[in-house]
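First the proteins, then the strands, lettered A, B, ... as listed; each starts at 1. Side chains included, hydrogens not; waters and symmetry mates left out as well; all remaining heavy atoms used.
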Number of protein chains: 2
Amino acid sequence: MTTMTQAMPSQPRKLPSQQRSRERVERILAVAGDLIAERGSDAVKMSDIADGAGVSIGSLYQYFPDKGAVIRTLAERYNQIGRECVERIMVDVASLDGLAEALKVVVDEYYGMFQDYPATRDIWSATLADKALRDIDAEDTRAHAAFLEKVLRKVGVEGDGTELTSYALLVMYLLCATVRLAITLPDDEARRVLDGYKVMAARDLLAKFAA
Amino acid sequence: MTTMTQAMPSQPRKLPSQQRSRERVERILAVAGDLIAERGSDAVKMSDIADGAGVSIGSLYQYFPDKGAVIRTLAERYNQIGRECVERIMVDVASLDGLAEALKVVVDEYYGMFQDYPATRDIWSATLADKALRDIDAEDTRAHAAFLEKVLRKVGVEGDGTELTSYALLVMYLLCATVRLAITLPDDEARRVLDGYKVMAARDLLAKFAA
DNA sequence: TAGAAACGTGAGCGTTCCTCACATTTGCAA
DNA sequence: TTGCAAATGTGAGGAACGCTCACGTTTCTA
C-alpha cells in the first residue's frame, strides 16, 4: 500500500518543448494507460512503463516527478472526458422535466465511460486513497456542479445562490459516488443500483423544484 | 502506490494462544490505528508499528502475514462498529415513517463514527483501492442491506424477494457511498450533502412504499 | 525438571522508486 | 557549415521499505 500521497506538484517536472519529447510523453501516457487497464496501477512498475514506451527510466522521470504524477495526469485527462460527457448531455436541456431525464442519461453515460476507458476503473478506484487525486476529483465535481447550477437557472429554477450551489453539489457528488460504487459491482447489480439512483435523483429534483 | 491487493488470507498467520501474545496483538492494532489516524496508512511503515508497539518486526509478521492484514483486521473491527450502529438504530423501528426517520439518524451517526474513530477515515478511503478491502466492504454492505430488508418487511412492506433485496442494497450502497464521500469534504459542506441525502432517501422510501 | 511448543528477535534480502553524472541530439547564431 | 548552449536521453546505483529466516527465549505440560 504505497501511495504517491505526498504533496507533489501534479505538473510534469519539465514541460516538453520539442516535438520529439512531446511525442515521448504521449507515448508514455498511452502505455501507462494500457498497462494500468491491464494490471492495475499498483502492479505496474515505472520500469514497465519506460520499457513499454521504449524510453529509459531517466526520461520518464524527467517529465513525471514520481509515479503518482503519471497517474494524476491520466486522471485529469479522464476527468475532462467526464466533464465533456456531462456538458454534452445537459447543454440542450430546456425544462425541468428535460433536466430530470438528462440526469438519467448522464448516469448511464458516465457509467459507460468507465467501460470504454478501462484504465479509468483502476484510476478512479485509487482516487479515494490518494490525497492529490482526491483534490483533482473534488475540483472536477465542483466543475460538474457549477454546470448543473447554470442549467438549473436556465430551466427557471429560482432560489438563493448558496442553496442552489449546495443542491448542485449534492446531486453531482451523489452521482459520482454512485457510479464509482457501481463499477465495483458485477454489471447486473450495478445496473440495478444505477436505475434506482436515477429514479431517486429525478424524483428528488422534481419534488424540490416543480412549480 | 503499493497496495496489498494480492489474494491474501485476511486471517492472522498464526492465532495468538498465550495471554502475552494476545496482548501484543492488541497493542499492535492499537498502535497501528493511532499511527494510521495520524499519518495515513501509506505513510506508516511496518517498522513504525513494531517500534510503537515495543515489538520486533519479526513478531509483527508472526501474526500478520503482511501490512494489508493489519489494515484489514482494523477494517473488520470498524465494520463491526458500523453494523452495530445501524442495527441499534433500526432495531426498534415499527412503521414506515419510523424507518424514514431512522434512516436519517443512521446517516448522522454513521458520519459521526468516522469522526469518533479517526483511523476509519484513512482505512475507508483506502478501501476502494484494494481488492481485499473491497470484498470486506461489500460483505459488510450486504449485511447492512439484509438487516434493512428485515426491517422493511417488519414495517409491512411487501414485494417479491429480489425487488426488496435490490432496494435494500441500493439504499445501503448509497448511504455508504455518501458518507464516505462526505468524509473527504470540510465539515460544513459534508453536513449539507448529508442533509440533502437524508431528505432524498426518506422521500424515496415513502414514495416507493407508502400505502 | 525436561522436553516440546509457542513466542520473540533483528540482520539482511529483494523489489521497486527515484537520482545523478554523464552522453547525445537539437536549435540557432555567426 | 560550424560550433556552442539548451534540451533531451541514459542506466547504474542509492535508498526506502516490505518481508524472511535462522536462531534465541519463554511458557506450557507431564
Side-chain angles (χ1 to χ4, degrees), chain A residues 1-29 31-32 35-36 39-73 126 130 132, chain B residues 1-9 11-28 31-32 35-36 39-73 126 130 132:
Chain A
M1 193 175 233
T2 308
T3 322
M4 53 292 163
T5 302
Q6 310 84 350
M8 270 273 146
S10 169
Q11 280 312 309
R13 170 178 307 221
K14 184 184 231 172
L15 288 163
S17 70
Q18 295 176 4
Q19 180 68 15
R20 175 179 49 145
S21 50
R22 249 173 283 135
E23 284 169 2
R24 287 185 142 226
V25 168
E26 286 310 309
R27 210 159 62 233
I28 288 167
L29 289 171
V31 167
L35 290 178
I36 287 171
R39 304 181 207 164
S41 56
D42 287 334
V44 174
K45 294 179 266 184
M46 285 298 261
S47 56
D48 292 339
I49 297 174
D51 289 351
V55 152
S56 71
I57 302 260
S59 265
L60 185 42
Y61 278 95
Q62 185 154 28
Y63 298 104
F64 300 94
D66 55 30
K67 186 177 177 182
V70 177
I71 294 169
R72 287 194 294 278
T73 303
D130 186 274
Chain B
M1 189 175 237
T2 309
T3 322
M4 53 292 164
T5 301
Q6 310 84 350
M8 271 271 147
Q11 280 312 309
R13 169 177 311 218
K14 186 183 231 174
L15 288 164
S17 69
Q18 297 175 3
Q19 180 68 17
R20 174 178 51 146
S21 50
R22 249 173 282 134
E23 284 169 2
R24 288 186 143 224
V25 168
E26 286 310 308
R27 209 159 61 234
I28 287 167
V31 167
L35 289 177
I36 286 171
R39 304 182 207 164
S41 55
D42 288 332
V44 174
K45 294 179 266 186
M46 286 299 262
S47 56
D48 292 338
I49 297 173
D51 289 351
V55 151
S56 70
I57 303 260
S59 266
L60 184 42
Y61 278 96
Q62 185 155 28
Y63 298 104
F64 299 95
D66 55 30
K67 186 177 178 182
V70 177
I71 294 168
R72 286 194 296 276
T73 303
D130 185 274

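- With contacts defined as side-chain heavy-atom distances shorter than 4.5 Å, the pair A:I28/A:F64 qualifies.
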Under 3.5 Å, which donor-acceptor pairs do the side chains of residues 48-59 of chain A form with other protein atoms, sequence neighbours left out?
unit_1: A:D48; atom_1: OD2; unit_2: A:R39; atom_2: NH1; d: 3.0
unit_1: A:D48; atom_1: OD2; unit_2: A:K45; atom_2: N; d: 3.1
unit_1: A:S56; atom_1: OG; unit_2: A:S59; atom_2: N; d: 3.3
unit_1: A:S59; atom_1: OG; unit_2: A:R24; atom_2: NH1; d: 2.9

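- Per the geometry, OH belonging to B:Y63 stands 18 Å off P belonging to D:dC19, to the nearest Å.
- Within the structure, a side-chain polar atom (N or O) of B:S59 is placed less than 4.0 Å from OP1 or OP2 of C:dT9.
- In the set D:dT8, C:dG8, D:dC19, the nucleotide with an atom closest to the side chain of B:Q62 is C:dG8.
- For the residue pair A:D66 and A:Y61, the shortest heavy atom distance occurs at CA-CE2, 4.0 Å.
- Each of A:K45 and A:G58 was assigned the nucleotide of DNA chain C with the nearest heavy atom; the assignment lying further toward the 5' end belongs to A:K45.
- The nearest heavy atom of DNA chain D to A:R24 and to B:I57 marks one nucleotide each, and the one closer to the 5' end goes with A:R24.
- Residue contacts shown for A:V44 are limited to sugar-phosphate atoms, with no base heavy atom under 4.0 Å away.
- Rounded to an integer number of Å, the gap from CG of A:D66 to C1' of C:dT16 is 14 Å.
- Relative to the side chain of B:K67, the nucleotides C:dT9, D:dC19, D:dG9 differ in distance, and D:dC19 lies closest.
- The NZ atom of B:K67 lies 6.5 Å from the OG atom of B:S41; values are rounded to the nearest 0.5 Å.
- Atoms CZ and CD, from A:R27 and A:E23 in turn, are 7.5 Å apart once rounded to the nearest 0.5 Å.
- Between the P atom of D:dT8 and the CZ atom of A:R22 lies a distance of 9 Å, rounded to the nearest Å.
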What does the B/S/- profile of nucleotides 24-30 of chain D look like, 5' to 3', with a 4.0 Å heavy-atom cutoff to protein?
--SS---
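- Per the geometry, CG belonging to A:L60 stands 10 Å off P belonging to C:dC17, to the nearest Å.
- Mapping A:G54 and B:M46 onto DNA chain D by nearest heavy atom places A:G54 at the nucleotide closer to the 5' end.
- Computed from coordinates, the A:I28 CD1 to D:dG9 P distance equals 8 Å when rounded to whole Å.
- Spacing between atom CZ of A:R27 and atom C1' of D:dT8 amounts to 13 Å, rounded to whole angstrom units.
- An OP1 or OP2 oxygen of D:dG11 is reached within less than 4.0 angstrom by no side-chain nitrogen or oxygen of A:S56.
- If you check every strand for non-hydrogen atoms under 4.0 Å, B:V70 touches nothing.
- Checking the phosphate oxygens (OP1, OP2) of C:dC18, a side-chain nitrogen or oxygen of A:Y61 falls inside 4.0 Å.
- The side chain to side chain contact (heavy atoms under 4.5 Å, CB included) check on A:E26 picks up A:L29, A:R77, with sequence neighbours excluded.
- Closest approach of B:M46 and B:V70 over heavy atoms only: CE-CG2, 4.2 Å.
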